[in-house]
Every structure is written in structure tokens, then in C-alpha cells.
Amino acid sequence: MSTVLTTLALVLGLVPAPAGQAPPAFAAADCTPRPTVVLVHGAWAGTSSWNGETERLQRAGYTVRAFANPLQGLTGDAAGLAAFLRTIDGPVVLAGHSYGGSVITNAAASSPNVKQLVYVDAAAPAVGETTGQLSGAGSALGGPAAMLYDKVGSELYLKESVFLASFGPDLPRATGRQLWAGQNPATMGAFTTPSAAAAWQHIPSWYVIGSADRIITPSSQQAMAKRAHAKVRTVPGGSHLTLVSHPQPVTEQILAAARAVCT
């Protein structure tokens, strides 16, 4: 394979990069101003869960901001994100993972600079729906709370066994245990507060669906993507933490959304 074809294959993720070597940077969109990409994590995760995407997007020439989602309740979390978005000049591509999808769905409704929405193994609620209602039949979160969470006051930590077996089962076990140890807890209000908005009704949307997601089932995500008329990319074998285990295809979908702003 020629050098040019090899580089193209690496960029598109068709072949893996050699061990210890990052894939080449994506070509940046040829428009001004380029949108800022804002990444919103979900429950039991943190801003570092987007590290793989942040690195790739920055190499492609994009400004990236990772919002520290408080995970304290949908109304307040969305208001906090909306305030954060008001500090950014120019167009925004807003991506949310898991519960972060509900947060971007509400925050974007009052943020006119948001031009594209990207859902990554995420909830995209309609008005009146809760995040918890969208996990789907057969979700690992459908069991008794005492078997799923360690409760500290009003905050819920995902149990290690659930995290490793259902949240990120496609990660190396050592990586999964590190992420479990550093998880950010969420209150029940994050999952039980009805959505007050549905920004996907008027903002173009994109979806990344891990085919092996056990937290928000692929069938539930496909139904949400269909009603949002979203462009869908399925990651074979991807878990609920596809953004960590498969950052390349997730980045490619975010870049597609960013380039759509430019066109």
C-alpha cells in the first residue's frame, strides 16, 4: 500500500495505527469561523472520558471545550451548560454522552449558537420524558437500586461489578477499574426529572450507537435517532463507553457534524 493510501486508511480508521503511535490528524474544515466543539459527559464519567476525541479534534484544528457536568439534576445541569455556552463566540457543535444527551437536549433549546447536536450512546428525550425512561427494555439499569448503586447521601455511585460488566465491558479490565474508581456520582434527579425541551426537533442531529451498549439499549437509541431524523453511525461491539473504547469513529461523527456547519 502506498504511503498516501496508508495515511488515508489511518485517518479514516480503516486500519489501526502502529503501537504507541497516534493516528494522523484529520483535515480541518475549510471555513471561518470553525465551530467550537463542546463535549458533555454523562453520569459516572467525567471530562476525561472525552480525551480521545479531544486530542483528535484539536489536531484537526478545532477548539474543544469539555463541560464539567454537575450531575445534580437535569434542570440545573442544563441551565449551567446554557450559561457555559453563552461564553463561547461563534457556532457550536454540542455533543453529549449518556445522561449528557438529556442535558444538551435542554441546554441547546436556549442557545442559538448551537448548530449541530451529536448524541453518543445517549438519551435524547422528548418534552416530558425522563432520562431513566429511555434506558430501554433489558437495560442493566433495570434492576433493583440496591444491586446497582452505592448510595452516599443523595448521590449514587455505580457498583464496580455493574461498571465493569455493563458500563464499559469492552475496555481492558485495568482501565475499567480506574474509570470506576474515579467516577463522578449522580443524583436520582438526573434520571427522574422530565425534559423541558427537545432541541433535536429543530437542530440537526447525529448519533453514535455502540451495538453492545447495555446501559441505554441500541434499540432505544435507534428509536430516538429515528424520531430526531439523526444521521446514525453504529460502532460494532461498542459498549456504553464507546467514546473511550472507540474514539476514532466517535470523532469522525463529530467532525461530520462540524463540517455540516461549514456547508
Side-chain angles (χ1 to χ4, degrees), residues 35 37-45 47 49-50 52-54 57 64-67 69 71 74 77-78 81-82 85 92-109 111 114-127 129-136 139 141 167 190-191 195-235 238-261:
V37 179
V38 176
L39 306 171
V40 182
H41 67 83
W44 311 303
T47 55
S49 61
W50 291 106
E53 289 78 11
T54 297
L57 290 165
V64 182
R65 303 293 301 276
F67 175 72
N69 191 356
L71 309 177
L74 182 56
D77 293 345
L81 175 58
L85 293 170
V92 168
V93 172
L94 186 57
H97 169 242
S98 190
Y99 162 69
S102 294
V103 177
I104 70 171
T105 296
N106 282 262
S111 304
V114 175
K115 304 303 181 184
Q116 305 281 326
L117 296 170
V118 183
Y119 294 90
V120 181
D121 292 310
V127 174
E129 289 181 337
T130 69
T131 303
Q133 289 174 331
L134 298 172
S135 295
S139 167
L141 297 184
F167 202 66
F191 311 112
S195 181
W200 48 262
Q201 291 181 329
H202 63 274
I203 299 176
S205 299
W206 307 69
Y207 239 100
V208 177
I209 301 174
S211 70
D213 193 334
R214 300 175 186 173
I215 300 298
I216 304 178
T217 65
S219 59
S220 179
Q221 292 183 58
Q222 288 160 3
M224 289 184 282
K226 181 177 180 180
R227 71 183 181 186
H229 305 288
K231 296 179 176 66
V232 176
R233 176 159 185 171
T234 300
V235 178
S239 70
H240 193 61
L241 287 180
T242 300
L243 76 169
V244 178
S245 59
H246 297 81
Q248 186 87 357
V250 175
T251 302
E252 290 170 359
Q253 192 75 324
I254 294 171
L255 280 170
R259 290 168 181 148
V261 175

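Each residue takes its place number in the sequence, starting with 1.
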- Task: With sequence neighbours excluded, give me every salt bridge (charged side-chain N to carboxylate O under 4.0 Å, His left out) pair touching residues 214-229.
- Result: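 The answer is Glu129-Arg227.
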Sub-3.5 Å donor-acceptor pair from the side chain of [X] to the main-chain atoms of [Y], do we have one?
X	Y	answer
Trp200	His229	no
Ser220	Leu134	yes
Ser139	Ile215	yes
Asp77	Val103	no

Using 0.5 Å steps for rounding, measure from the [atom1] atom of [X] to the [atom2] atom of [Y].
X	Y	atom1	atom2	value
Glu252	Leu57	CD	CG	11.0 Å
Gln116	Ile254	CD	CD1	12.0 Å
Gln133	Ser102	CD	OG	10.5 Å
Thr234	Gln222	OG1	CD	6.0 Å
Gln248	Gln253	CD	CD	13.0 Å

For [X] and [Y], work out which heavy atoms get closest and say how close.
X	Y	result
Ser111	Ala107	OG-O, 2.8 Å
Ala122	Gly101	CB-CA, 3.9 Å
Pro218	Ser211	CG-O, 3.4 Å
Val261	Lys115	CG2-CB, 3.8 Å
Ser245	Ser239	OG-OG, 4.4 Å

Hey, does [Y] have a side-chain heavy atom less than 4.5 Å from the side chain of [X]?
X	Y	value
Leu39	Thr47	no
Tyr119	Ile216	no
Val250	Trp50	yes
Val38	Val93	no
Leu81	Ile104	yes
Pro249	Arg233	yes
Tyr207	Met224	yes

- Query: Do you know which of Asp213, Asp121, Leu243, Thr242 makes side-chain contact (heavy atoms from CB on, under 4.5 Å) with Val235?
  - Reply: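 It is Thr242, the one option of Asp213, Asp121, Leu243, Thr242 that forms the side-chain contact (heavy atoms from CB on, under 4.5 Å) with Val235.
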- Item | Side-chain donor-acceptor contact under 3.5 Å, Asn69 with Tyr99 |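 No, Tyr99 and Asn69 have no side-chain donor paired with an acceptor closer than 3.5 Å.
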- Query: How would you list, by chain and number, every residue that makes a ring-ring contact (aromatic ring centres under 6.0 Å, His included) with His240, sequence neighbours excluded?
  - Reply: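 Applying ring-ring contact (aromatic ring centres under 6.0 Å, His included) to His240 gives His97, Phe167.
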- side-chain hydrogen bond (donor to acceptor under 3.5 Å, both in side chains), paired with Ser195, selected from Asn106, Thr130, Thr105: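 It is Asn106; the other options fail the test.
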- Query: What residues form a side chain to side chain contact (heavy atoms under 4.5 Å, CB included) with Val127, not counting sequence neighbours?
  - Reply: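 Val127 satisfies side chain to side chain contact (heavy atoms under 4.5 Å, CB included) with Ala198 only.
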